[in-house]
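So the structure is just underneath, and the comments pick up after that.
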Amino acid sequence: MVHPEDRETVRQASVIAMSTGEPYSIEHRIVRPDKSVRWVHERATVLRDQHGASVRMLGVVQDITERKRTEQLLRDEGQVSAALARVGRELITSLDVPTILHRLCQLTAEVLECDASQTFLWQPEKEAFTPVAGHGNTPEQWEALKVLSIPSTIVPEGLTRLKQEEVIQIIVDEGVDRPIARIAKRYGVTNLLVMALQRGADIFGVQTAGYRRPHEAFTPQQERIARGIVQLASLALENARLLEVAEKANRLKTEFLATMSHEL
């Protein structure tokens with residue numbers, strides 16, 4: 001049976017062929033009895049009687065499902081590569097941490113085509129993750145979000161899983177028993193991606209991406225892009241941190257030499 005979305009295309013091709021006598025060649029989907037969907041390439045020629053009237057069509061149908069899958073995989077790879085190339089290119093243009101965090105949130109929301117994205121960094125003095133940057137929030141939403149503090153003690157299982165998988169998707173209405181899902185629901189989020197910002201084996205921050213409207217789950221392709229985003233972001237933030245450490249060391253060295261010179 002022809003796939004419902006392709007029926008009109010097939011109908012038009014056959015009508016044109018019968019009226020003009022020209023052969024046609026089209027690709028479309030069919031639904032098999034077991035409900036599986038296959039792609040086929042259909043070629044047909046119109047047969048005519050001695051008076052030139054179209055009497056029937058003679059055609060060949062070839063299964064091209066594997067070719068279509070390969071083409072889709074190549075398209076997906078191209079989209080993932082292009083998205084990550086953009087993210088990497090824009091994140092490395094600065095070594096200023098606030099600038100990197102702002103661009104990270106903006107790029108995450110744009111590339112994943114979601115409503116909002118936030119960065120939460122680990123604050124040792126508070127022993128909690130707190131929001132430090134965001135994109136896609138109204139001023140009121142950001143003011144409400146800024147006071148949020150998430151101690152590691154309320155999400156130990158989530159952090160363990162995040163270390164292993166780097167990216168976790170949470171369908172909020174299906175996970176209301178989880179602390180993160182309850183927090184997300186409080187802020188009007190329906191679907192959430194939680195991504196680990198890591199330094200070695202340690203999680204020093206969390207990047208989130210979410211929808212605030214009814215929406216289908218994030219796709220595997222979006223999850224792959226998200227995983228690449230936080231890997232690039234972790235590297236960019238680590239480079240910025242090392243630069244700050246080096247600059248601080250240079251300042252201390254300069255101050256030390258100035259003090260010693262003065263004392264001498």
Side-chain angles (χ1 to χ4, degrees), residues 69-123 129-139 141-142 145-146 159 162-170 189 191-213 215-250:
R69 285 176 180 165
T70 301
E71 290 174 352
Q72 186 61 51
L73 285 173
L74 291 174
R75 282 194 295 271
D76 291 346
E77 286 297 326
Q79 291 171 355
V80 170
S81 298
L84 294 182
R86 178 193 172 192
V87 172
R89 185 169 58 248
E90 297 198 30
L91 286 184
I92 64 173
T93 58
S94 175
L95 286 170
D96 175 64
V97 171
T99 301
I100 293 173
L101 293 173
H102 171 73
R103 288 298 294 136
L104 171 59
C105 291
Q106 184 178 8
L107 286 166
T108 299
E110 291 178 358
V111 170
L112 295 180
E113 299 180 339
C114 59
D115 296 327
S117 178
Q118 290 83 31
T119 306
F120 293 76
L121 293 184
W122 176 251
Q123 308 295 341
F129 291 94
T130 60
V132 295
H135 178 79
N137 305 288
T138 65
Q141 288 169 334
W142 180 242
L145 194 61
K146 281 198 304 185
L159 288 174
L162 202 55
K163 282 185 178 181
Q164 298 170 344
E165 302 178 23
E166 292 186 292
V167 174
I168 298 174
Q169 179 167 184
I170 298 173
V189 177
N191 291 3
L192 184 70
L193 276 187
V194 182
M195 301 159 265
L197 294 167
Q198 292 182 279
R199 182 180 301 123
D202 297 324
I203 295 178
F204 68 86
V206 171
Q207 190 71 26
T208 66
Y211 294 107
R212 285 199 175 100
R213 52 194 160 91
H215 199 280
E216 294 179 357
F218 286 93
T219 66
Q221 180 179 341
Q222 286 175 303
E223 291 189 5
R224 285 186 58 203
I225 293 173
R227 189 169 285 106
I229 287 173
V230 286
Q231 290 172 354
L232 291 168
S234 295
L235 181 60
L237 290 168
E238 178 63 5
N239 288 340
R241 186 187 71 85
L242 292 175
L243 179 63
E244 287 182 352
V245 170
E247 289 177 341
K248 182 178 180 181
N250 284 335

Inset, instruction - Give, for atom CG of L91 and atom CG of L235, the distance between the pair rounded to the nearest 0.5 Å. - result: 9.5 Å
Legend entry - Heavy-atom side-chain proximity of T208 to L192 below 4.5 angstrom: yes
Inset, instruction - Could you grab the distance from atom CG of L159 to atom CD of Q164, nearest 0.5 Å is fine? - result: 11.5 Å
Legend entry - Closest heavy-atom pair and its distance - G136, Q141: O-OE1, 4.1 Å
Legend entry - Gap separating the OG atom of S117 from the CG atom of L107, nearest 0.5 angstrom: 9.5 Å
Legend entry - Exercise: identify the closest heavy-atom pair between Y211 and L112: OH-O, 3.9 Å
Inset, instruction - Could you go through the side chain to side chain contact (heavy atoms under 4.5 Å, CB included) check for Q79 and I225 one step at a time? - result: CA-CA 9 Å; Q79 291 171 355; I225 293 173; 5.8 Å; no
Inset, instruction - With rounding to the nearest 0.5 Å, note down the distance linking CD1 in I100 to OG1 in T93. - result: 8.0 Å
Inset, instruction - Answer whether the closest heavy-atom distance between the side chains of W122 and D202 falls below 4.5 Å. - result: no
Inset, instruction - Verify side chain to side chain contact (heavy atoms under 4.5 Å, CB included) between E223 and E166, making sure each step is shown before the conclusion. - result: CA-CA 10 Å; E223 291 189 5; E166 292 186 292; over 6 Å; no
Legend entry - Contact check, side chains of I229 and L84, non-hydrogen atoms, under 4.5 Å: yes
Inset, instruction - Compare all side-chain heavy atoms of L237 with those of L101 and state whether any distance is below 4.5 angstrom. - result: yes
Legend entry - Nearest atoms (heavy-atom pairs only) where A133 meets W142: C-CH2, 3.5 Å
Legend entry - Backbone N/O of Q198 and side chain of S234: donor-acceptor pair under 3.5 Å: yes
Inset, instruction - Check the pair V87 / T108 against side chain to side chain contact (heavy atoms under 4.5 Å, CB included), numbers first and verdict last. - result: CA-CA 8 Å; V87 172; T108 299; over 6 Å; no
Legend entry - Interatomic spacing from CG in L104 to OG1 in T119 - rounded to 0.5 Å: 4.5 Å
Inset, instruction - Please tell me if the side chains of V167 and F218 come closer than 4.5 Å, counting only heavy atoms from C-beta onward. - result: no
Legend entry - Distance (rounded to the nearest 0.5 Å) between F120 CZ and F204 CZ: 14.5 Å
Inset, instruction - Specify the closest pair of heavy atoms between A116 and A109, including all atoms of both residues, with the distance to one decimal. - result: C-CB, 4.4 Å
Legend entry - Whether over 12 other heavy atoms sit under 6.0 Å from Q72 CD: yes
Legend entry - N191 side chain to E216 backbone, donor-acceptor under 3.5 Å: yes
Legend entry - Within-4.5 Å side-chain heavy-atom neighbours: V132 and V97: no
Legend entry - Exam field: side chain R224 to backbone E77, donor-acceptor pair closer than 3.5 Å: no
Legend entry - Polar side-chain atom of Q169 near backbone of A217 as donor-acceptor pair, under 3.5 Å: no
Inset, instruction - Work out which heavy atom in Q221 is nearest to a heavy atom in D76; give both atom names and the distance. - result: OE1-OD1, 3.2 Å
Inset, instruction - Applying salt bridge (charged side-chain N to carboxylate O under 4.0 Å, His left out), name anything that partners R89, two or more places apart in sequence or on another chain. - result: none
Legend entry - For G205 against I203, the heavy-atom pair lying closest together: O-CG2, 3.2 Å
Inset, instruction - Given side chain to side chain contact (heavy atoms under 4.5 Å, CB included), test R212 with N137 step by step and report yes or no. - result: CA-CA 10 Å; R212 285 199 175 100; N137 305 288; 2.6 Å; yes
